[in-house]
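Single-structure report; data block below.
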Amino acid sequence: MNISNGGSDGMQPLTSERSTPIMHIAMRDLAMTFGKVGMLSFGGPAAQIALMHQVLVEQRRWLDERRFLGALSFCMLLPGPEAMQLATYAGWRLRGVAGGLVAGLLFVLPGAALVLALSILYGFYSAAPAIATLFVGLKAAVLAIVLQALIRIAQRAMEGAMDWAAAIAGFVAIYFFDLPFPLVIALAGLAGFLFRPAASHNPASERPAPVALRATLKTLVVWLTVWIAPLLLIVAIFGDSHVLAQLALFFSRLAVVTFGGAYAVLAYMAQEAVSGYGWLSAGEMLDGLALAETTNGPLILVTEFVGYIAVFKQGGVCLGILGAMVALWATFAPCFLWIFVGAPYIDILTHSPRLSAALRTITAVVVGVIANLSVWFAMHVLFNTIDERHVGPLRLYVPDIATVDWFALALTVLGLVSVFVLRLGIVATLSLCAAASFVWLQLIA
């Protein structure tokens, strides 16, 4: 995929080990490059990271391999979408804070604009029979894609008995005991930090440069204000009981605990949005995920859909758009805080064996969390009635076998064949299942 001139602008990377921006790329080149990356960032974080590696390391040579992988490891330690944060870090490395803002915004905004447009259309036309049938196919495709993500992440993360034990513990904690996702992640990180054998470290590697604490605190105050002040204004205007204030609080809290990527946090977000706040139905939540899967940009843009639909039901289109903006701001503004505060420390943090051990344990637990998401999705796609039962401290979901949706089951099998046998990509799988739904509608019409 050729989206740049391969560094023909003559710009060469500077070689410095300082933990500060070290390059002087023209802002126009940076904006054009990340604008194209944002337009082409389909396929989830793995594809997005691969695209940035191709552009930034292989074609433009703006980052070397070591620095790119070090930044990626750091972004995986952070809450939030790691691909967007990696883009923000690259922009910061190239042109400081202004470059980070341009790169991060251009990575997100193309997909955000498309998700908002689709959310508005969905709000008006979701009840139409053709749209409803189409989404049966999209939801079946999403189920297959989530199962594929589970297997891929498990293959990368599971290296021993300790990893499997952590994954099983994560699944049991959320699925059966209904423990809060943030608590599960915090306990996993603490257990890995304290008890997991630390990875070996090469003592001959360069010593990271020190970072001024005063500059860090100043950056923290500035970007914390940028994140929180607009949301506090929303609360002041509409009151703390309004759905917009609830969205601001919920998605700000979510932004602090979204370790492990979008798939890992979707179960927590979906259960809270559906069962906790009652903003959406389970079917609408799955429709939103299907919309986000079909667009470019981070999958966590589904929060924009949730924000729009939650407010649209109560206040119409204009307030619905404001709800989408609140969710979008609360989700992505913290990413700039994490990167601008933490980027100067990347060389230090990625050299810490104990933090690496914590990250490995969190990654293993995330496999269990995604397994929980897969089970939750499968039941809501394949069955029309699901009972929630409590046996002592255990929470159980029990589907009514008599309400199985055979059409959805057939489409799910088609989706599984697409991703595991035909090895089609996300967009092709979604298109195939949606087309099958549409053909079925024409046959029975």
Side-chain angles (χ1 to χ4, degrees), residues 79-81 84 105 108-109 111-127 178 180-183 221-258 262 265-289 291-292 295 297-338 380 388:
M84 182 266 187
L105 290 173
V108 169
L109 289 181
L114 185 54
V115 168
L116 178 59
L118 293 174
S119 299
I120 293 172
L121 291 174
Y122 179 89
F124 284 112
Y125 301 111
S126 62
D178 196 23
F181 175 74
L183 177 62
V221 170
V222 168
W223 287 99
L224 190 61
T225 302
V226 169
W227 168 21
I228 298 297
L231 302 179
L232 291 178
L233 182 62
I234 291 291
V235 175
I237 294 173
F238 291 93
D240 57 9
S241 62
H242 195 276
V243 63
L244 285 168
Q246 294 175 347
L247 287 169
L249 177 61
F250 174 70
F251 284 115
S252 292
R253 185 169 69 247
L254 196 72
V256 179
V257 299
T258 51
V265 78
L266 280 174
Y268 172 62
M269 181 188 71
Q271 288 169 359
E272 286 295 309
V274 173
S275 302
Y277 290 95
W279 292 330
L280 295 82
S281 68
E284 288 171 333
M285 186 68 237
L286 290 170
D287 291 344
L289 181 59
L291 282 179
T295 61
L299 180 58
I300 200 64
L301 281 171
V302 70
T303 59
E304 185 182 14
F305 172 86
V306 172
Y308 177 82
I309 297 299
V311 185
F312 169 78
K313 290 180 176 181
Q314 300 185 22
V317 175
C318 291
L319 275 182
I321 292 174
L322 182 57
M325 296 300 99
V326 168
L328 194 67
W329 187 270
T331 300
F332 290 100
C335 296
F336 295 107
L337 169 65
W338 312 142
H380 284 86
E388 182 176 338

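Start at 1 with the first residue, then count along the sequence.
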How about F332 and F251: are their ring centroids closer than 6.0 Å? no
Evaluate the side chain to side chain contact (heavy atoms under 4.5 Å, CB included) criterion for residues D287 and L280: first the C-alpha distance (whole Å), next the side-chain angles of each, then the deciding distance (0.1 Å), finally the verdict. CA-CA 10 Å; D287 291 344; L280 295 82; over 6 Å; no
Of all heavy-atom pairs linking V306 and A273, the shortest is CG1-CB, 4.2 Å
Just how far is it from atom CG of L319 to atom OH of Y308, taken to the nearest 0.5 Å? 10.5 Å
How far apart are the closest heavy atoms of G307 and A327, and which atoms are they? CA-CB, 4.1 Å
Rounded to the nearest 0.5 Å, how far does CD of Q314 lie from NE2 of H242? 6.5 Å
Quick one: pull up CG in L231 and CG in L244 and give me the separation to the nearest 0.5 Å. 10.5 Å
Work out which heavy atom in M84 is nearest to a heavy atom in P298; give both atom names and the distance. CB-CG, 4.3 Å
Looking only at heavy atoms, what is the nearest atom pair of V226 and P230, with distance? O-CD, 3.1 Å
Rounded to the nearest 0.5 Å, how far does CG of L116 lie from CG of L291? 11.5 Å
Could you tell me the separation between the OG1 atom of T331 and the CG atom of L247, rounded to the nearest 0.5 Å? 9.5 Å
Distance col, row W329:CH2 vs I228:CD1, nearest 0.5 angstrom, shows 11.0 Å
Examine distances only and state if a side-chain atom of W279 and a backbone atom of V274 form a donor-acceptor pair shorter than 3.5 Å. no
Can you name the closest pair of heavy atoms from V302 and L289 and give their distance? CG2-N, 3.7 Å
Please examine the side chains of L105 and F336, heavy atoms only from C-beta on, and report whether any two atoms are closer than 4.5 Å. yes
Within a radius of less than 6.0 Å around CG of D178, do more than 12 heavy atoms belonging to other residues, nucleotides or ligands occur? yes
Run I234 and L322 through side chain to side chain contact (heavy atoms under 4.5 Å, CB included) and show every step you take. CA-CA 10 Å; I234 291 291; L322 182 57; 4.3 Å; yes
Please give me the minimum heavy-atom distance between P79 and V256, naming the atom from each residue. CB-O, 3.4 Å
Given side chain to side chain contact (heavy atoms under 4.5 Å, CB included), test L301 with L328 step by step and report yes or no. CA-CA 7 Å; L301 281 171; L328 194 67; 3.5 Å; yes
